[in-house]
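Keep in mind it's a predicted model, so treat the numbers as computed, not measured.
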Amino acid sequence: MPYYQGSQSPLVPGYRFDQYYGRPGRGIPPVVMPPSGGTIPGMPPGAGPLPVEESYIENILRLNKGKVATIYATYENNPEWNAKIFKGVVEAAGRDHIIISDPDTGKRYLLLMVNVDYITFDEPIAYQYPLPPGRS
């Protein structure tokens, strides 16, 4: 990351970070957004805004709640096992975790997404790709 003399912001010309930071009681500087239809510095001319993407893993898992999933996970620096396979019914999913239950034992697993390599399903999965408003 380049060093900017005088704490100048590379994104907002004329804005100085030291106007807020380094002075007691100043708080966090306001977020400055370009006006609607404006351009963002460094963006190529004619490039429009990026599409809204909401097909995160947790959303896909929520669409498939109640289905049996096989989850392949790895755990670095674990002397007992560094790779493990979990199979169970998807009960819930969040940004950083997934909860599954083993239908045979009733045991529930809370798995961290950071360890998940991939997930398979033995049946078709529900997947709804969100499009920006006005597009079909």
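Through side-chain heavy atoms spaced under 4.5 Å, either directly or across other Ile, Leu, Val, Met, Phe, Trp or Tyr residues, Tyr72 is tied to Ile85, Tyr118.
Remark: Ile125 CD1 to Thr120 OG1 distance equals 10.0 Å, nearest 0.5 Å. A distance of 12.0 Å separates CZ of Arg95 from CD1 of Ile57, quoted to the nearest 0.5 Å. The CD1 atom of Ile98 sits 13.5 Å away from the OH atom of Tyr109 when rounded to the nearest 0.5 Å.
Each of Thr70, Ile119, Ile71 was checked for a side-chain contact (heavy atoms from CB on, under 4.5 Å) with Ile100, and the lone residue meeting it is Ile71.
Between Glu91 and Lys65 no salt bridge is recorded (no basic side-chain N to carboxylate O distance below 4.0 Å). A salt bridge links Asp122 with Lys87; the closest basic N to acidic carboxylate O contact falls under 4.0 Å.
In terms of heavy-atom proximity, Asp104 sits nearest to Asp102 at N-OD1, 2.9 Å. Closest of all the heavy-atom pairs between Glu80 and Asn78 is N-OD1, 2.9 Å. When all heavy atoms are compared, the tightest approach of Leu61 to Ala93 is CB-CB, 3.7 Å. Closest non-hydrogen pair, Gly88 versus Pro103, comes out as CA-CD, 4.3 Å.
Both Met113 and Phe121 belong to a single network of hydrophobic side chains, linked directly or stepwise wherever heavy atoms of I, L, V, M, F, W or Y lie under 4.5 Å apart.
Counting heavy atoms from C-beta on, the side chains of Val89 and Val68 come closer than 4.5 Å. A 4.5 Å side-chain heavy-atom check between Leu111 and Asn115 finds every atom pair outside the cut-off.
In summary, the side chains of Thr74 and Asn82 do not present any donor paired with an acceptor at a separation below 3.5 Å, with no hydrogens or angles considered.
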